Enquirer: 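One structure follows; several queries about it will come next.
Not measured: the values here are computed from a predicted model. Because only heavy atoms are used, hydrogens play no part in the values below, and waters and symmetry mates are left out as well, while side chains stay in. Order of the sequence lines fixes the chain letters, A, B, ..., with proteins taken first and strands second; residue numbering starts at 1 for each chain.
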Amino acid sequence: MIDEALREINRGCAEIIDNERVEKLLKAYFQEGKTYTVKAGFDPTAPDLHLGHTVLLQKLATFQKYGGRIQFLIGSFTATIGDPTGKNTTRKVLSQEDIVKNIQSYTTQAFKILDESKTDIVYNNDWLGKMSAADLIALASNLTVARMLERDDFSKRFKTNIAIATSEFMYPLLQGYDSVYLQSDIEIGGTDQKFNLLMGRQLQKVYNIKKQQAVLMMPILEGLDGVQKMSKSLGNYIGVSDEANDMFGKVLSISDELMWRYFELLSEKSLDEIAELQSAVKEGELHPKKVKEDLALEITTRFHNKEVAQNAKVEFDKVHSKSQIPSDISEFSCDGTIWIAKALVNCKMEPSTSQARRDIKQGGVKIDQEKVLDDKLELSSGEYLLQVGKRKFAKLKVN
RNA sequence: GGUGGGAUAGUCAAGUGGCCAACGACGGCAGACUGUAAAUCUGCUCCCUAUGGGUUCAGAGGUUCGACUCCUCUUCCCACCA
């Protein structure tokens with residue numbers, strides 16, 4: 001029983017520090033029913049969760065199955081300071097109102113995966129906000145600059161002449177202090193958080209709370225491009241609240257290679273099952289597209305439901321495999337004749353008329369399934385089906 | 001506080017008086033090929049009803065027929081010294 005739980009917990013992890021402690025905690029749970037706390041921090045600046053986040057959430061859910069209580073830490077304090085990274089980013093200070101709103105949408109999304117009854121939502125503003133300057137200095141004295149510069153991203157930025165604000169040095173300390181205050185048994189984060197996570201361990205020791213958290217690091221999920229990490233700003237993400245059709249399509253658009261990575265980190269299938277699929281594909285017994293479809297179905301079902309997911313698949317086949325027109329297209333209308341390039345911009349299919357003209361010249365624009373090559377075309381009254389590239393559709397009614 | 005270096009498109013990065021809407025790389029978009037794949041190949045990649053016009057090279061002034069390039073001030077970053 002314990003072995004099975006351990007195996008499941010270890011799955012997909014990039015690194016675990018102090019695995020013995022995890023084992024002890026599980027033992028205590030299975031033998032004496034003792035629960036333990038698992039901390040994970042979330043920054044309420046971006047209200048949209050994507051699959052990159054769910055890797056972490058799914059791991060938390062696993063802990064919930066085996067006696068873990070989740071400390072769902074909202075970085076409400078750190079968010080009000082703003083993260084002054086890079087030279088181009090202006091300090092973004094969130095109002096308390098925004099934070100509350102973001103947290104709302106954050107948690108509703110998170111509870112699609114987490115068990116609410118085993119989750120405690122905590123805000124670090126509650127304790128960090130009360131610290132005095134003296135407390136802060138005392139905290140800061142635990143860390144040397146040299147040590148701070150060991151951190152990979154800091155040293156990289158330092159070497160490449162990118163600004164590092166002093167407040168950024170405070171981040172790991174504050175995050176580590178959260179673990180002291182919460183007396184966490186385990187903390188989970190991405191591999192990029194290693195330094196911060198370890199800071200929690202160190203500070204727990206310094207502040208003498210008689211335990212040191214185990215640290216579990218999840219790999220960073222690659223985005224749709226398969227290279228960079230999934231993030232909203234890079235636009236290579238699958239959002240938790242994406243439409244079923246989008247979600248399904250996005251999963252299918254990943255490369256075959258990346259698919260296995262997604263399987264490991266996102267699927268509920270056991271590692272053995274996945275290995276079987278993988279060898280079947282390799283032997284040519286299974287078409288990779290079929291396997292990918294199953295993955296897409298599983299993921300879409302998780303965030304919507306089975307029926308909707310199935311519909312998404314049907315719709316997808318219709319549009320792409322058979323290159324028919326999707327059933328749900330946004331509609332626009334306008335008065336009088338309209339220049340084609342302008343029309344495409346108005347229908348939000350192109351960012352500028354210049355871009356529209358370029359696409360037209362390259363044969364990327366279709367009206368009613370027919371390629372348009374004349375970039376000066378005027379549309380007189382009537383109804384048109386506009387298409388840019390393979391995916392963008394819109395209906396336009398000219399009055 | 002002192003001295004020196006730097007800021008160029010989504011990112012990185014050339015350009016040191018006119019040939020500059022600005023080399024190149026990455027990213028992105030479109031086309032071919034496909035499984036909407038991936039890889040590869042081709043074209044495009046500031047805005048504007050456009051063989052033309054407009055606005056750009058941190059910001060504000062100045063020199064010049066002409067400035068991304070020279071000068072002055074400002075802001076921000078980096079290095080060394082204190």
Enquirer: What is the base-pairing partner of B/C20, counting Watson-Crick and G-U wobble geometry with both distances under 3.5 Å?
Expert: none
Enquirer: Out of A/W127, A/F77, A/Y123, which residue meets the ring-ring contact (aromatic ring centres under 6.0 Å, His included) rule with A/Y181?
Expert: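 Output: one option passes, namely A/W127.
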Enquirer: Taking only the side-chain nitrogens and oxygens of A/S354, find out if one of them lies under 4.0 Å from OP1 or OP2 of B/A50.
Expert: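 False: A/S354 side-chain N/O out of range (4.0 Å or more) of B/A50 OP1/OP2.
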Enquirer: Contact class for A/S253 vs. all strands (heavy atom < 4.0 Å): base, sugar-phosphate, or nothing?
Expert: sugar-phosphate
Enquirer: Rounded to whole Å, please give me the gap between NZ in A/K250 and P in B/G35.
Expert: 24 Å
Enquirer: Determine whether any donor atom in the side chain of A/Q362 lies under 3.5 Å from an acceptor atom in the base of B/G43, or the reverse, and answer yes or no.
Expert: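 Yes, a donor-acceptor pair under 3.5 Å.
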Enquirer: Has the side chain of A/K269 got a donor or acceptor atom that lies under 3.5 Å from a matching backbone atom of A/F263?
Expert: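 No; zero donor-acceptor contacts below 3.5 Å.
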Enquirer: Given that both distances must come in under 3.5 Å, which nucleotide forms a Watson-Crick or G-U wobble pair with B/G1?
Expert: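 Result: B/C81.
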Enquirer: Between A/K371 and A/L252, which residue's closest nucleotide on RNA chain B lies nearer the 5′ terminus?
Expert: A/K371
Enquirer: Which pairs, with at least one residue in residues 236-264 of chain A and sequence neighbours excluded, count as a salt bridge (charged side-chain N to carboxylate O under 4.0 Å, His left out)?
Expert: A/E222-A/R261, A/D242-A/K250, A/D256-A/K292
Enquirer: Quote, to the nearest angstrom, the P distance that separates B/U69 from B/G61.
Expert: 14 Å
Enquirer: Watson-Crick or G-U wobble partner for B/U45, using a 3.5 Å limit on both distances?
Expert: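 Partner of B/U45: B/G27.
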Enquirer: Could you tell me whether A/I254 contacts a base, only the sugar-phosphate backbone, or nothing, with contacts defined as non-hydrogen atoms closer than 4.0 Å?
Expert: sugar-phosphate
Enquirer: When all nucleic acid strands are considered with a 4.0 Å heavy-atom cut-off, which category describes A/K292: base, sugar-phosphate, or nothing?
Expert: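 If one applies the 4.0 Å heavy-atom cut-off, A/K292 turns out to touch a base.
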Enquirer: Assign the ring pair A/F42 / A/Y106 to parallel, tilted or perpendicular, where the plane angle (0 to 90°) is split at 30° and 60°.
Expert: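 Plane angle over 60°, so perpendicular.
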Enquirer: Can you tell me, in whole Å, how much space there is between the C1' of B/C81 and that of B/C71?
Expert: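 Roughly 28 Å separates the two C1' atoms.
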Enquirer: Would you mind pulling out the nucleotide paired to B/U69, Watson-Crick or G-U wobble, both distances under 3.5 Å?
Expert: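 B/U69 is unpaired by these criteria.
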Enquirer: Nearest nucleotide by nearest heavy atom, which residue falls closer to the 5' end of RNA chain B, A/E350 or A/I338?
Expert: A/E350
Enquirer: Looking for any heavy atom pair under 4.0 Å, which part of the strands does A/S352 touch: base, sugar-phosphate only, or nothing?
Expert: sugar-phosphate
Enquirer: Where the side chain of A/K390 is defined as all heavy atoms beyond and including C-beta, which of B/C48, B/A30, B/G31 is the nearest nucleotide?
Expert: B/G31
Enquirer: If you check the A/S255 side chain, which of B/G35, B/A38, B/U49 turns out closest?
Expert: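 So the side chain of A/S255 is nearest to B/A38.
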Enquirer: If we take the P atom in both B/A67 and B/G18, what is their distance in whole Å?
Expert: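 To the nearest whole Å, 11 Å.
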Enquirer: From the list B/C44, B/A50, B/G35, which nucleotide is the closest neighbour of the side chain of A/R357?
Expert: B/A50
Enquirer: So what's B/C76 paired with, Watson-Crick or G-U wobble, going by both distances under 3.5 Å?
Expert: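 With both distances under 3.5 Å, B/C76 matches B/G6.
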Enquirer: So for A/E378 and B/U49, does any side-chain atom that can act as donor or acceptor lie under 3.5 Å from a complementary atom in the base?
Expert: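 Yes.
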Enquirer: Heavy atoms under 4.0 Å, any strand shown: does A/G249 hit a base, just sugar-phosphate, or nothing?
Expert: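 Touches a base.
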Enquirer: Ignoring hydrogens and angles, are the base of B/G35 and the side chain of A/D256 linked by a donor-acceptor pair under 3.5 Å?
Expert: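 Answer is yes: a donor-acceptor pair is held.
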Enquirer: Taking the side chain of A/T353 as its heavy atoms from C-beta onward, which of B/U45, B/G35, B/A50 lies nearest to it?
Expert: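 The answer is B/A50.
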Enquirer: Given the side-chain rings of A/Y177 and A/Y207, with only the six-membered ring counted for Trp, is the space between their centroids under 6.0 Å?
Expert: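 Here the rings of A/Y207 and A/Y177 have centres that are less than 6.0 Å from each other.
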Enquirer: With both distances kept under 3.5 Å, what pairs with B/A39, Watson-Crick or G-U wobble?
Expert: none
Enquirer: Would a distance-only check, ignoring hydrogens and angles, find a side-chain to backbone donor-acceptor pair under 3.5 Å from A/S132 to A/D135?
Expert: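 Yes: the side chain of A/S132 pairs with the backbone of A/D135.
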